[in-house]
Amino acid sequence: MHRFFLRLHERLQLIIIASIVGLCGGVGSVALNRSLAAVFEWLDTLRGSWYSFLFPAVGAALSSIFLNQIARDGGGHGVPEVIYSISQRGGLLRFRSSFSRLIACLLTIASGGSAGPEAPVVISGASIGSNIGTYFRLKDRQRVIVVGCGAAAAIASIFNAPVTGIVFTLEAILGEWTAVNLIPVAIASVVGTEISRILQGNQIPFQYHAVAISPWNLGACLGLAALTAMGSVALIRTLRFIHRHAPKMIPITWVSAAAGGVLVGVIGLGFPSVLGEGYDVIRCMIAENYSASLLVLGLTVLTKILATSLTIGSGGSGGLFAPCLVIGSFTGQFYHRALVTALPSVSWAGGGYFALLGMAGVISGVLQAPMTGVFLVAEITGSYHFLISVVLVAVISVTVSHFFEPVSVYHQELVSRGELIKPRTDRQILSHLNVLELLETDCQIIHPEMRLKDLVSMIQHSHRNYFPVEDSQSGEFLGMIHLDDIRAYLFDPYLHDTILVEQVMDRDVPRVSLEDDLAYIFEVFDKTHSWSLPVVRDGKFIGLISKATILDHYRKELLVNEEI
Amino acid sequence: MKDELLHVYRNTPFGRETLLNSIYFCKQTKTSLKVYIPEHPQFLMYFQNEIATVELDRAFLRSPKTAREHAEAIITENGMKPNFLEPKRFTASTLPDIPVDFRFMTCPRSISDLSTKISLGHIGPKVRSVIKNAAFPVFIPTPVYKQWKSIAVFFGGSHNAVNAVKLGMEISRCADFPLRLFTQAEKLPQSHYRKILRENHLLGEVENGEIEWIFFEKGKFRENLFAVPHDSLALVGAYGHGVIKEVLFGSMMEEIQTILPNPMLIIGPHCACG
């Protein structure tokens, strides 16, 4: 089978695999969706009891125990892991990630934790893609695309939104829009959506009946965009704060998750709409069946931000898509209520319209991905009628939130560790090279007690300008001689017998090691204006690394990238 | 590939013995020692087409404050320079990625089991995963530090076994220790194995006496293992026969390692040695 497969054209290979990955990713998403609905329904009968506020704690603790002790799949909420794998590891992901996050997320959300199922389905789909790609022995660059296919299929399937799947993958996961990426990703997305439609029916998650939009409403979008940007920044910062401090306060992960769950449960006693994924509340708002005071709406926005940060930041498992939609819809409702109160004579579009715009604004701001926000809202409501307003809110929200938080929530962890490498950048090309493969070992070693005469005769038969100096007893690297250092003495034969190497060698030469990455080595080159640097390990010289060799390899790597 | 041996340090008396074994191995093979002191219960190794998740038992994370100090003292006392690996990349904040471009790696027979069980049973699944995917041979030390003075290569004719012979010769020349080749005839004449050696340009060394070839035509393999000197490093090729054969008949390497208490060097299917 492998032999037959390898004979096919590369693009055809990708299309076939994208279809398989789309199928698997779609089934995974539907399975999680159905399981969530079933467990939520089962727990619904117990929700009225006094102890129900403990449900999120139990769910988060079980989720953490399952993830860390049973599945042993430690890590964050998943999407950064996928991006890291694409950015630096040729799309390799562990097989266990294809199911572990789904189960952990099921436990967290069904018990009332404030999170969404999207990030777990993304890592699940991506992991399925990665392992199928490995099975078919794809090259790294092909496997990266297949990982994207898995993510696209998962998002497309869970929202019944094929275009969102494509856009999200290209914008937030792969980070580049190329035809090579687009075709397989689109196929996977379509297959994933179809699987969802076959198994669950062609449901529009938040059906919206369009109303007339006056210019006043378009103007009001500007204010809503600013408000959703603030909401996005607040969510990112609260989540980051809790994620950083929770392990320090409670080092045992499942206890930390349980503590977060207790707090979420307590919040849920006052604001039940913050519990779970919260799609029912959004449906009510969009159908104009939700009524609450301005104060309650404002407080719900803040408590949802807190509940989500507590759930995910303390160790629960889940994604940010659903909470962003809930926060956005409440922000929109809040803004609408404020407008109606302040300017009652203006004919405002309904609260549902502003709730939709709020959703687009918050998701775009948190993900720094405006197109994902626009297409998600358009597809999950089944309406492109208000596209201008959605684009306006999404774009302004991204611009404003970018000012305060320049990095997407998915990229923050990677950026803080210096591990985000964007495709087709100088850093990406350098990351494919390592010191070992660039090492020049055909150097002529000299010793400090050598006379200049001996060095001159060595130079006559050498093609190098740099000569490393080693201690003749211990073999320790002592320094270097560059031709320029001795040029003045070369043409004076009287000095050849009197000058020793140790008198003219450079002892303060900067040195690098095999572990150093090329970005750092280039910094040293720039700082010291050198063309070659000695690579030293355990105090011993093992070779030279030169700008010329790096440039040669860099160019080859660049050509490979261009072919792709 | 870096000319280094990767050692994952366990700050216990057992870990000291393992480290001493690694130091001795490095001295004999003229390899540098790179020590990793884990701070998290797991680490990942990204191989060409597979990720090995290595789960460590609690003993690896014990007394982190004294771990570095103890390791430094052991290495310095034995005349080597302490050289520690600091992970530069992380898949997640608690999941470091360990480089895989070493020449050798030391693995106790099981990384994840209790140290009391080590070397008594089969090798653990994590070690197996490393052997199956790594481009470097895996050194499985004895539970208590023991010097080896000769090299024993198990040669069954597979590609991995040929690599084991080549590596054995390299170590033998480097350490100046005698090399013996052990072959158990499996319904095949000696000429079959001789042909394989000839095809791989290894027969000359056997004929000129550089390699002593011990060929078992009779007896059970388990019983014949008694002929392997107690103070030899055993080199074995692993997982060279495909999944079906290994499921049906078991892996020869796994059989050897359950019987033989010697330090072993396992050459996996992706090994770039030889």
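Note on naming: letters A, B, ... go to the chains in the order of the sequence lines (proteins, then strands), and numbering restarts at 1 for each one. The analysis underlying the following values was restricted to heavy atoms, covering all of them including side chains, and did not include hydrogens, waters or symmetry mates. Quick caveat: nothing in here was measured; it's all calculated off a predicted structure.
Note that CZ of A/Arg89 is 8.5 Å distant from CD1 of B/Ile51, once rounded to the nearest 0.5 Å. Note that OH of A/Tyr84 is 3.5 Å distant from CG of B/Asp97, once rounded to the nearest 0.5 Å. Remark: A/Leu92 CG to B/Gln48 CD distance equals 8.5 Å, nearest 0.5 Å. With values rounded to the nearest 0.5 angstrom, B/Asn83 atom CG is found 8.0 Å from A/Arg537 atom CZ. The line from OG of A/Ser85 to OH of B/Tyr46 is 6.0 Å long, rounded to the nearest 0.5 Å. With rounding to the nearest 0.5 Å, the separation of CG in A/Asn68 from CD in B/Gln42 is 8.0 Å.
In this structure, A/Gln473 places its CD atom where only 12 or fewer heavy-atom neighbours from other residues, nucleotides or ligands lie under 6.0 Å away. Residue B/Trp148 qualifies as enclosed at atom CH2: its count of foreign heavy atoms under 6.0 Å is above 12. Atom CG of A/Asp442 is surrounded by more than 12 heavy atoms from other residues, nucleotides or ligands within 6.0 Å. The environment of CD in B/Gln147 is crowded: more than 12 heavy-atom neighbours from other residues, nucleotides or ligands sit within 6.0 Å. By the 6.0 Å contact criterion, OH on A/Tyr520 is open, its count of non-hydrogen atoms from other residues, nucleotides or ligands being 12 or less. For A/Ile252, the CD1 atom counts as loosely surrounded, since its 6.0 Å shell holds 12 or fewer non-hydrogen atoms of other residues, nucleotides or ligands. By the neighbour-count criterion of 12 heavy atoms within 6.0 Å, atom CZ of A/Phe241 is sparsely surrounded, having that number or fewer from other residues, nucleotides or ligands.
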(request) Carefully, step by step, assess B/Thr53 and A/Arg94 under the rule side-chain contact (heavy atoms from CB on, under 4.5 Å). (result) CA-CA 8 Å; B/Thr53 310; A/Arg94 291 178 291 169; 2.9 Å; yes
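Neither the backbone nor the side chain of A/Glu437 comes within contact range of chain B, judged by heavy atoms closer than 4.5 Å. Interface remark: B/Leu85 contributes no atoms to any contact with chain A (heavy atom separation under 4.5 Å).
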